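Working notes, beginning with the structure itself.
These numbers come from the heavy atoms of this one structure, side chains and all, not from hydrogens, waters or symmetry mates. As the structure lists them, so they are numbered: ligands from 1, and atoms in each ligand from 1. Predicted, not measured: the structure shown is a model, and the values here were computed from it.
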Amino acid sequence: MPLLVMKFGGTSVANLDRIRNAAAKVKREVERGYDVIVIVSAMSGKTNELVNWVEQTSPLYDAREYDAVVASGENVTAGLMALTLQEMDVPARSWQGWQVPILTTSAHAAARFKDIPRDNIDRKFAEGMKVAVVAGFQGVTDEGRITTLGRGGSDTTAVAFAAAFAAERCDIYTDVDGVYTTDPRICEKARRLDRISFEEMLELASLGAKVLQTRSVELAMRYKVKLRVLTSFEDTDETSGTLVCDEEDIMESKAVSGVAYSRDEAKMTLVTVEDRPGIAAAIFGPLAEAGVNVDMIVQNISEKDYGGRPTAVTDMTFSLPTNQVARAQKALEDARAAGAISYEDLVVDTAVAKVSVVGIGMRSHAGVAATMFKALAAEGINIKVITTSEIKISVLIDRKYMELAVQALHDAFELEKAA
Ligand code: ASP
Ligand code: MG
């Protein structure tokens with residue numbers, strides 16, 4: 001039997017009507033001849049409520065109990081989905097993570113898959129079950145404790161099952177009808193993409209386009225799982241939504257496929273640190289230990305009279321999420337107090353945003369950076385930091401210009417037009 005994985009996000013199972021709507025889509029695939037593994041999220045808002053309850057009960061909660069509570073949202077949806085399918089005469093059974101079992105590491109709230117043995121589910125398919133409904137987002141450790149995969153983790157569950165069961169495709173049903181060239185709420189010319197490569201999707205996902213959990217795309221890329229993002233709110237067919245696929249399956253690509261942004265960025269500059277071997281390690285080591293996710297890093301050379309004698313000094317600038325600034329500040333001040341680093345001043349700017357253009361076409365098109373910088377200059381937007389990779393150029397700018405920058409770049413690369 002060919003097999004499909006269908007994943008329904010929180011808004012697609014938000015109430016009993018929506019669950020029936022989702023179940024009808026599953027039934028249609030069964031009628032087409034597929035065995036189906038359905039992965040469900042918690043009903044929308046449920047996980048937030050559960051997280052809240054945990055935090056109110058115990059501010060410094062035990063992560064094992066956090067997982068025990070927070071995983072429960074998906075259990076409810078899995079059971080309800082199986083019941084709804086049964087009411088529609090589709091033989092269905094629900095599975096919590098431990099029943100499969102979905103074996104994970106014991107990194108609670110951020111667990112990773114170790115193994116998904118197929119035997120239990122395969123046996124049920126062999127007995128005539130048509131749909132296995134699996135609770136997303138959760139797993140179990142070797143010791144039998146419940147784990148969760150991190151927020152948005154049901155996407156990753158879906159891809160892992162598609163890989164483990166060699167599914168023909170993994171359809172991710174959500175509340176948008178696909179992946180867009182940029183956020184349609186910011187740019188009304190945003191266009192839905194028919195196809196996008198894993199690599200581009202990975203950049204867009206990690207740059208703040210929240211359609212898919214980043215880890216799910218990494219996993220899909222590694223196991224070459226064809227992923228489709230589509231809406232559960234409309235009738236859809238084989239051609240709906242956006243296919244996230246291998247680069248080889250994309251005929252033609254423009255220089256840039258999408259514009260991504262990340263609003264809550266901050267920039268920190270250490271003014272006049274010593275320019276000597278080991279200085280970067282001395283700065284970023286303590287930051288890493290403090291759990292700070294440093295993103296862009298720029299080191300500037302500045303020759304300056306330092307402490308009365310001419311010494312090579314440099315300024316070190318890096319970006320990080322706004323909510324990690326306090327932690328970063330403390331780590332750096334502690335390192336300075338311990339004598340590991342020295343600096344004259346620590347300048348913090350919490351009003352910046354990152355805007356990026358992404359495209360595999362950049363590898364073969366010249367002048368992408370120049371086009372980007374010209375478009376920003378034409379709007380009078382100052383660039384504070386620039387970083388590039390093979391398929392991405394990112395700039396840090398004042399947050400108040402973020403929307404304008406996204407629109408200007410969308411226009412400059414003519415993203416409203418298909419390739
Ligand atoms: N329910 C979980 C969350 O809200 C997992 C998911 O929906 O993907 O993060
Ligand atoms: Mg999600």
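In terms of polar-atom proximity, Gly150 is not counted as a contact of ligand 1, lacking any N or O under 3.5 Å from an N or O of the ligand. For a threshold of 3.5 Å applied to N or O pairs, the pair formed by Asp155 and ligand 1 contains no separation below that value.
Salt bridge Asp35/Lys130: present, at least one basic N to carboxylate O contact under 4.0 Å. Between Lys384 and Asp398, at least one side-chain N (NZ, or NE/NH1/NH2) sits under 4.0 Å from a carboxylate O, which counts as a salt bridge. Here Arg64 does not pair with Asp67 in a salt bridge; the nearest charged N to carboxylate O distance is not below 4.0 Å.
Taking every heavy atom of both residues into account, His410 and Glu416 meet most closely at CE1-N, 3.6 Å.
Within the 4.0 Å heavy-atom cutoff, Gly136 does not count among the residues contacting ligand 1. Assignment of Gly10 to the shell around ligand 1 is not supported, since no heavy atom sits closer than 4.0 Å. A heavy-atom separation below 4.0 Å is not found between Lys46 and ligand 1.
Contact annotation: the side chain of Arg215 approaches that of Glu218 to within less than 4.5 Å [non-hydrogen atoms, C-beta and beyond].
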Inset, instruction - Output, in order, the C-alpha distance, side-chain angles, deciding distance and verdict of side chain to side chain donor-acceptor pair (under 3.5 Å) for Arg123 and Asn120. - result: CA-CA 5 Å; Arg123 195 174 325 118; Asn120 287 336; 3.3 Å; yes
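Here Gln213 has no heavy atoms under 4.0 Å from ligand 1, in either its backbone or its side chain.
When each of Leu219, Thr214, Leu212 is tested with Thr156 by the rule side-chain contact (heavy atoms from CB on, under 4.5 Å), just one qualifies, namely Leu219.
When only non-hydrogen protein atoms are considered, atom 3 (C) of ligand 1 lies nearest to Arg151 NE, 3.3 Å.
Taking a cut-off of under 4.0 Å to the non-hydrogen atoms of Ser154, the atoms of ligand 1 that pass are 5 (C), 6 (C), 7 (O), 8 (O). Under a 4.0 Å criterion applied to the non-hydrogen atoms of Ser41, ligand 1 contributes the atoms 6 (C), 7 (O), 8 (O).
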